[in-house]
Amino acid sequence: MSQADEIFISMCRDILDNGTSTEGEKVRPHWEDGTPAYTIKQFGVVNCYDLRKEFPAITLRRTALKSCMDEILWVWQRKSNNIRDLKPHIWDEWADENGSIGKAYGYQMGVKHKYREGMFDQTDRVLWELKNEPFSRRIVTSLFNHHDLSEMGLYPCAWSVTFNVTQHPGDEKLTLNMVLNQRSQDVLAANNWNVCQYAILLMMIAQVTGMIPGQLVHVIADAHIYDRHVPIIEELISRPTYPAPCVSLNPDVTDFYAFTTDDLIVSDYRHGPQVTGIPIAI
């Protein structure tokens with residue numbers, strides 16, 4: 001069993017056994033047939049993954065790691081808000097007729113801001129600080145810009161990242177850690193997807209700044225399982241598990257903007273059958 005499997009199973013079991021239901025309450029999400037999409041939720045879930053030990057992909061089912069990487073590159077590297085620049089179709093429901101999701105995600109990463117050292121967008125500011133002031137406690141990004149919320153196709157779910165660097169005794173290189181803050185998460189559809197894509201982001205940024213990827217701390221304010229997902233989750237967490245896959249990056253890439261999904265190397269990924277036909281609340 002991978003560490004990610006253990007965390008995922010424990011989290012799902014806790015939500016199902018001890019969570020609170022929104023049934024009967026006024027909720028925004030709905031199913032395609034117009035029925036309200038109720039959830040069972042837990043508040044303030046915190047999961048910790050140590051990338052020095054293994055990559056945090058679950059093996060209960062396959063997580064499409066190259067697609068995860070493509071989405072994180074879409075936001076952090078291409079800084080796009082158009083689904084035509086993205087291979088997975090996960091944002092199609094929130095895009096307009098031109099493919100735009102408005103002033104969300106990649107748009108926010110690409111806006112330049114004034115700092116004492118000059119103008120930077122959020123990606124370039126992170127890279128500059130990690131290279132020049134790695135022990136700063138101010139290396140933070142945010143996608144939740146209240147000024148632009150009305151022009152976003154969907155408010156950002158995974159909205160903030162904090163980077164923090166540790167010098168472990170005896171280590172030649174610094175260790176780069178990350179806190180991912182998420183306001184809301186559909187556990188079945190998105191949990192391991194988000195974990196894996198931000199783990200890959202941590203690996204990429206560590207590599208181009210000459211560091212070791214360390215801990216990924218995932219903070220979820222509202223971790224929920226939709227009512228129509230309960231039987232799927234029950235079956236999923238009862239499955240056999242396998243050791244974590246081996247995941248690495250092409251070591252020759254030293255420029256963050258040079259990474260492509262071809263630079264992600266995955267091997268020994270044993271997993272259960274894929275879950276198909278998951279209904280998605282909108």
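Keep in mind the model is a prediction, meaning the values are calculated, not measured.
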Closer than 3.5 angstrom, by distance alone: can the side chain of Thr123 be matched with the main-chain N or O of Trp76 as a donor-acceptor pair? yes

For Trp31, the other hydrophobic cluster members (4.5 Å side-chain criterion, sorted by chain and number) are Tyr226

Original post:
Are the side chain of Gln108 and the backbone N or O of Lys103 linked by a donor-acceptor pair below 3.5 Å?
Top reply: yes

Using 30° and 60° as the class boundaries, would you call the ring planes of Trp159 and Phe144 parallel, tilted or perpendicular? perpendicular

Per side-chain contact (heavy atoms from CB on, under 4.5 Å), Ile101 is matched among Ile83, Leu154, Asn82 by Ile83

Practice prompt. Go through the side-chain N and O atoms of Thr59 and Asp5 and say whether any donor and acceptor fall under 3.5 Å apart.
Written response: yes

ring-ring contact (aromatic ring centres under 6.0 Å, His included) filter on Tyr269, not counting sequence neighbours, yields His271

Can any side-chain N or O of Asp227 pair as donor or acceptor with the backbone N or O of Thr39 at less than 3.5 Å? no

Give a yes or no answer on whether the side chain of Asp186 reaches the backbone of Ala190 with a donor-acceptor pair at less than 3.5 Å. no

Donor-acceptor pair, Asn177 side chain versus Asn164 backbone, under 3.5 Å? yes

_Lys173 vs Asp171, test: salt bridge (charged side-chain N to carboxylate O under 4.0 Å, His left out). Steps then yes/no._
CA-CA 5 Å; Lys173 293 185 175 181; Asp171 283 358; over 6 Å; no

Practice task
Check whether the ring centres of Tyr105 and Trp74 lie less than 6.0 Å apart, and answer yes or no.
Solution key: no

Thr166 side chain to His168 backbone, donor-acceptor under 3.5 Å
no

Please evaluate residues Ile220 and Val187 with respect to the criterion side-chain contact (heavy atoms from CB on, under 4.5 Å), reporting the C-alpha separation (whole Å), side-chain torsions for both, the decisive distance (0.1 Å), and the verdict.
CA-CA 10 Å; Ile220 313 168; Val187 166; 5.8 Å; no

Could you please spell out the steps behind the side-chain hydrogen bond (donor to acceptor under 3.5 Å, both in side chains) verdict for Asp124 and Tyr257?
CA-CA 10 Å; Asp124 288 338; Tyr257 292 98; 2.5 Å; yes

Across all chains, not counting sequence neighbours, the side chain to side chain donor-acceptor pair (under 3.5 Å) partners of Arg13 are Asp17, Glu234

* Asked: Any ion pair linking Arg78 and Asp85 (charged N to carboxylate O, less than 4.0 Å)?
  -> no

Sorted by chain and residue number, the ring-ring contact (aromatic ring centres under 6.0 Å, His included) partners of Phe120 (sequence neighbours excluded) come out as Tyr115, Trp128

Kindly determine whether Gln182 and His218 satisfy side-chain contact (heavy atoms from CB on, under 4.5 Å), including the steps that lead there. CA-CA 8 Å; Gln182 193 150 1; His218 189 194; 2.8 Å; yes

Quiz item: Going by heavy atoms in the side chains, are Ile90 and Glu71 under 4.5 Å from each other?
Solution: yes

Next on the checklist: Regarding Asn194 and Gln197, do their side chains bring together a donor and an acceptor under 3.5 Å, going by distance alone?
Outcome noted: yes

Practice item. Would you confirm whether His229, through its side chain, and Pro279, through its main-chain N or O, come within 3.5 Å as a donor-acceptor pair? Key: yes

Interatomic distance, SG@Cys196 vs CG@Leu264, rounded to 0.5 Å, equals 10.0 Å

Has the side chain of His224 got a donor or acceptor atom that lies under 3.5 Å from a matching backbone atom of Gln185? yes

Applying ring-ring contact (aromatic ring centres under 6.0 Å, His included) to His113 and not counting sequence neighbours gives none

query = Would you say the side-chain atoms of Lys66 pair up with the backbone N or O of Thr261, donor to acceptor, closer than 3.5 Å?
reply = yes

Checking Val161, Thr162, Leu130 against Ile139 for side-chain contact (heavy atoms from CB on, under 4.5 Å), the one that qualifies is Leu130

Here the ring-ring contact (aromatic ring centres under 6.0 Å, His included) pairs for residues 42-66, sequence neighbours left out, are none

Report task. Verify, without hydrogens or angle tests, whether Arg239 (side chain) and Leu60 (backbone) share a donor-acceptor contact under 3.5 angstrom. Result -> yes

To the nearest 0.5 Å, atom CG of Leu216 lies from atom CG of Leu202 at 6.5 Å

Problem set entry | salt bridge (charged side-chain N to carboxylate O under 4.0 Å, His left out) between Asp121 and Lys79, worked out | CA-CA 10 Å; Asp121 65 32; Lys79 302 164 193 173; 2.5 Å; yes

